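Take a look at the structure below.
Scope of the values below: all heavy atoms of this structure, side chains included, with no hydrogens, waters or symmetry mates. All figures in this text were calculated on a predicted structure; none of them were measured in a lab. Residue numbers count from 1 along this sequence. Both counts, for ligands and for their atoms, begin at 1 and track the order of listing.
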Amino acid sequence: MTFDPAAAFDPETFRRQGREVIDWIADYWQSLESLPVTSQVEPGWVRSQLPPAPPEQPETLDAVLFDLDRVVVPGLTHWQHPGFFAYFPANASGPAILGELLSAGLGVQGMLWTTSPACTELETHVLDWLCSLLGLPDRFRSSTGGGGAIYDTASSGLLCAMVAARERATQLKSNAQGMQQNNRSMIVYASEAAHSSVEKAAKISGIGQQWVRLIGLNTRGEMDPLALARAMDDDALAGHTPCFVAATVGTTACGAFDPVPLIAESSRRHGAWLHVDAAWAGAAAICPDYRPGILAGAEHADSWGFNPHKWMLVNFDCHALWMADRTSLVEALTMKPEYLRNNASEAGGVVDYSDWQVPLGRRFRALKLWLTLRMIGAESLRQRIGDHVAWATDFAGWVEADPRFDLVCPPSLSLVCFALRDGEQASTALLDRVNRQGNISLSHARVAGRYCLRLAIGGTLTQRRHVEAAWRTLTSLAATQEHSTP
Ligand SMILES: *Cc1c(COP(=O)(O)O)cnc(C)c1O
């Protein structure tokens, strides 16, 4: 049997097979609750089930779906399982996934405005919508010198912000000596609890990991603003250039909020770029109750980013990043070789998003955000976040009321960090047993030196009863653990 190349793009075949695949996904969602959250396979098992060479002849969709069930599903940790409480859930929704499918179906590249005007303009528009929904300051809107764009991840967004900051501090574009000018180092600041992507960006941007100052924390896990002010003053005195400050709103370990207004004062005094990383917590700014805490100081930020793929029902990958002034970003990243030159770009009235990012090519990611916002609506998105925070508050209450457990820090939005009072070994053993047992998955962190279990509520399918079941599992395993220790 040979395969007609045209069949690879045949509308009728696609129509039929597409329905089968959508059905397969819907069946998978229905079966999720009966599956163990964490994959139970041994290393190498998945590959041992696959043939060593790709097929010469076409196979059927049925054959592929058969292996999806047989090989792939057992090798998955089910991130959309309602009992997934580890890390930060990467939630999804039907509308977002349909948007993703439409994006693939259209198969356009949005590197320049002219390569698909709708790809650029829908993105600009949806990011302005989001700006309003979150209550972000107007300086981030596209009608100003700033504006927003979608990136794959918070790590990429932060890298681009850092490159823009480096550009602003060195004026590399007009400075022939580049970064080597006069032995002054660019310095990056973030707290000890900041995401590792800050140090990674310093490595990639050429600033160097050794020039990242990790500022100490107070007991709540927030950056100490006085220590930051001292470090920046010392560096400036030593002839260095304080270049970039990353404030975290909702740290990865325990959801702490850095004091952005105070951090902004030091940044402004030294002319350093202020970036706010609100990757997880940012989504909660759509709720008026949580907005003031999340957006405090945002009016002083040069860039502000969050992940709709963490807590706003948009499937991975989707990071939204806004700049107050896009000039240095574009100066740092623009490249217009002859083959990309076009009248629209030259006339200057359009945005070419490839000037805002590392790659040239660009997916039509705005579609999944657009479908999510339109088909779910702001009210339901707020309702979900409110529910998750309420359930986390209940869970924290149960922890506090149980003499075997305690909270390692106050809950932050939908994140609870807790431990067994019996000590680190007891907590590690409990986490291990919980995750092997199958119906829930938690992760861990260290907060103020103390090991803790983390319960992060954010899954689309998670309901209050799953949070209750998580607590029942934890308490019953803790009870048997007590009996088995001498
Ligand atoms: C999750 C997270 C990140 C990294 O997110 P990616 O999108 O995977 O790069 C960065 N910062 C914070 C605070 C996070 O919670």
Side-chain angles (χ1 to χ4, degrees), residues 77 79 84-92 96 134 148-163 188-205 212 214-215 217 220-223 244-260 263 274-285 290 293-295 298 301 303-322 357-359 363 365 368-369 385 388 392 409 411-417 443-447 454-459:
T77 286
W79 281 69
F84 187 95
F85 300 109
Y87 313 105
F88 286 123
N91 62 20
L134 295 161
I150 305 176
Y151 293 78
D152 53 2
T153 59
S155 304
S156 297
L158 191 138
L159 171 64
C160 290
M162 195 181 288
V163 166
V188 168
Y189 306 84
S191 90
E192 286 169 2
H195 194 265
S196 55
S197 51
V198 177
E199 287 175 88
K200 196 172 191 174
K203 288 167 84 165
I204 301 171
S205 64
V212 179
L214 293 181
I215 308 297
L217 309 170
R220 291 184 301 276
E222 306 155 357
M223 186 195 286
F244 183 87
V245 183
T248 312
V249 170
T251 57
T252 314
C254 69
F257 286 20
D258 285 345
V260 181
I263 293 171
L274 175 60
H275 174 75
V276 176
D277 174 2
W280 162 69
Y290 315 127
I294 294 167
L295 296 190
S303 48
W304 197 97
F306 89 109
N307 281 344
H309 72 231
K310 271 183 175 150
W311 205 11
M312 232 186 66
L313 302 196
V314 182
N315 63 298
F316 189 86
D317 50 357
C318 186
H319 173 71
L321 175 70
W322 289 267
Q357 62 173 23
V358 175
R363 301 184 339 93
R365 284 198 193 85
K368 58 185 176 183
L369 204 43
I385 286 178
H388 293 169
C409 52
S412 172
L413 299 171
S414 68
L415 173 65
V416 187
C417 294
S443 57
H444 75 278
R446 199 169 285 281
V447 177
R454 278 170 89 264
L455 176 107
I457 305 174

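- Close contacts between ligand 1 and H309 involve ligand atoms 7 (O) [criterion: under 4.0 Å to a heavy atom].
- The closest donor-acceptor contact from the side chain of H444 to the backbone of R454 lies at 3.5 Å or more, if one exists at all.
- Annotation: cation-pi geometry not satisfied between R365 and Y151 (NZ/CZ under 6.0 angstrom from ring centroid, within 45° of ring axis).
- The protein atom (non-hydrogen) at minimum distance from atom 10 (C) of ligand 1 is H195 CG, 3.2 Å.
- Taking both residues in full, the closest heavy atoms of D277 and H195 are given as OD2-CB, 4.0 Å, listed atom of the first, atom of the second, then distance.
- Checking only distances, T251 never comes within under 3.5 Å of ligand 1, N or O to N or O.
- Protein heavy atom closest to atom 9 (O) of ligand 1, with residue, atom name and distance, is S155 OG, 2.6 Å.
- Each of the following atoms of ligand 1 lies closer than 4.0 Å to a heavy atom of F88: 15 (O).
- Looking at V260 and W304, their side chains never come closer than 4.5 Å, going by heavy atoms from C-beta outward.
- At under 3.5 Å, not a single nitrogen or oxygen of S197, backbone or side chain, sits near a nitrogen or oxygen of ligand 1.
- Within ligand 1, counting atoms from 1 as listed, the ones closer than 4.0 Å to a heavy atom of G250 are 13 (C).
- Counting only heavy atoms of the protein, atom 7 (O) of ligand 1 lies nearest to A154 N, 2.8 Å.
- Aromatic rings from Y87 and W79 are positioned such that their centres are separated by under 6.0 Å.
- With a 4.0 Å cut-off on non-hydrogen atoms, N307 touches ligand 1 through its side chain and not its backbone.
- Using the six-membered ring where Trp is involved, H275 and F244 have ring planes that are parallel, under 30° apart on the 30 and 60° scheme.
- Residue T252 has at least one heavy-atom neighbour below 4.0 Å for each of these atoms of ligand 1: 12 (C), 13 (C), 14 (C), 15 (O).
- Between R363 and D152 there is no salt bridge, since none of the side-chain N atoms of the basic residue sits less than 4.0 Å from a carboxylate O of the acidic one.
- Between M162 and S205 the shortest heavy-atom distance is SD-OG, 3.7 Å.
- The protein heavy-atom contact nearest to atom 2 (C) of ligand 1 is K310 NZ, 2.4 Å.
- Residue D277 has at least one N or O atom closer than 3.5 Å to an N or O atom of ligand 1.
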